[in-house]
Amino acid sequence: MPAPLPSILSRAKTVLVDVPRHGKLAYCLLRDDRIPVAPKAVLVAALGVIISPLDFPAWIPVLGEFDMLALGILAVETFIEACPAEIRREHEAALKAGQSVWDRDVRDTVGAARHGLGRAVDRIRSRVRHRDEYQSMSEVG
């Protein structure tokens with residue numbers, strides 16, 4: 001039987017597994033109209049602080065000591081806990097089944113990116129095939 005991981009490694013592993021899962025759940029809950037505006041606003045404000053170019057100076061007690069990653073994790077966890085349990089469970093089940101808003105949006109985004117990339121490649125191929133027919137602006141005298 002393997003020895004249990006030390007506490008700090010065990011906690012780090014949990015965070016690494018939970019952060020993506022909770023991020024997806026938070027995304028789904030943010031998109032749900034049944035979730036009240038207040039928890040959504042708090043999460044968006046916290047994430048705004050994280051991406052803001054302004055940095056809180058270290059001399060501000062507690063806030064200056066927060067690492068941005070810790071603030072993000074705390075904001076997402078707090079938001080998820082503020083959402084009604086039955087809606088949370090509904091989104092968790094959809095995520096597990098691969099049928100969530102997150103999954104649909106990722107599929108749509110990847111599909112749009114593939115379509116756009118395919119069109120760009122087709123245009124480049126067309127220009128390469130017909131390069132003699134076109135005169136570049138740098139060649140215009």
Side-chain angles (χ1 to χ4, degrees), residues 1-140:
M1 182 165 146
L5 290 173
S7 177
I8 193 151
L9 291 178
S10 177
R11 289 177 54 89
K13 180 183 173 198
T14 300
V15 167
L16 290 174
V17 170
D18 285 349
V19 166
R21 185 170 51 86
H22 286 171
K24 292 175 187 177
L25 178 58
Y27 177 86
C28 294
L29 291 167
L30 270 170
R31 299 275 317 268
D32 194 314
D33 293 335
R34 298 172 292 174
I35 302 299
V37 174
K40 290 179 180 182
V42 170
L43 177 62
V44 170
L47 295 177
V49 167
I50 292 169
I51 63 170
S52 170
L54 303 174
D55 195 12
F56 290 100
W59 53 267
I60 297 176
V62 181
L63 192 55
E65 300 296 321
F66 264 120
D67 182 42
M68 291 304 156
L69 178 61
L71 178 59
I73 292 169
L74 178 64
V76 168
E77 293 289 329
T78 303
F79 169 70
I80 290 171
E81 289 301 316
C83 294
E86 62 276 359
I87 298 174
R88 204 171 49 235
R89 283 191 295 273
E90 177 185 316
H91 284 287
E92 287 170 340
L95 279 164
K96 202 175 253 186
Q99 299 298 319
S100 70
V101 173
W102 166 266
D103 297 303
R104 185 191 66 220
D105 287 355
V106 167
R107 279 191 303 270
D108 291 349
T109 302
V110 168
R114 282 184 181 154
H115 177 73
L117 182 61
R119 288 189 54 167
V121 167
D122 290 344
R123 291 181 81 183
I124 291 168
R125 283 183 184 154
S126 174
R127 285 206 169 190
V128 167
R129 276 191 225 121
H130 305 313
R131 110 176 79 165
D132 294 336
E133 297 174 20
Y134 295 103
Q135 188 174 20
S136 147
M137 289 305 291
S138 62
E139 296 171 352
V140 175

Does this structure show an ion pair linking R34 with E90, if we count only N-O contacts that are shorter than 4.0 Å?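 Yes, charged N to carboxylate O under 4.0 Å.
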Test of understanding: with side-chain contact (heavy atoms from CB on, under 4.5 Å), list the residues that count as partners of E77, not counting sequence neighbours. H22, I73
Using the side-chain contact (heavy atoms from CB on, under 4.5 Å) criterion, which residues pair with I35? Sequence neighbours excluded. L29, D32, K40, F79, C83, P84, I87
Only counting residues at least two apart or in another chain, list the ones meeting side chain to side chain donor-acceptor pair (under 3.5 Å) with R89.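 Side chain to side chain donor-acceptor pair (under 3.5 Å) check on R89 returns nothing, list empty.
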Pairs in or reaching into residues 107-125: which pass side-chain hydrogen bond (donor to acceptor under 3.5 Å, both in side chains), with residues at least two apart or in two chains?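 Those involving residues 107-125 do not exist here.
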According to salt bridge (Lys or Arg N to Asp or Glu O under 4.0 Å), who are the partners of R21, at least two apart in sequence or on a separate chain? D18
Interatomic spacing from NE2 in H91 to CD in E86 - rounded to 0.5 Å: 10.5 Å
Where R88 and I80 come nearest, the two heavy atoms and their spacing: NH1-O, 3.0 Å
What are the two closest non-hydrogen atoms of G23 and V76, and how far apart are they? N-CG1, 4.4 Å
Show me, pair by pair, the donor-acceptor contacts under 3.5 angstrom made by side chains of residues 93-101, not counting sequence neighbours?
residue: S100; atom: OG; partner: W102; partner atom: N; Å: 3.3
residue: S100; atom: OG; partner: D103; partner atom: N; Å: 3.1
residue: S100; atom: OG; partner: D103; partner atom: OD2; Å: 2.7

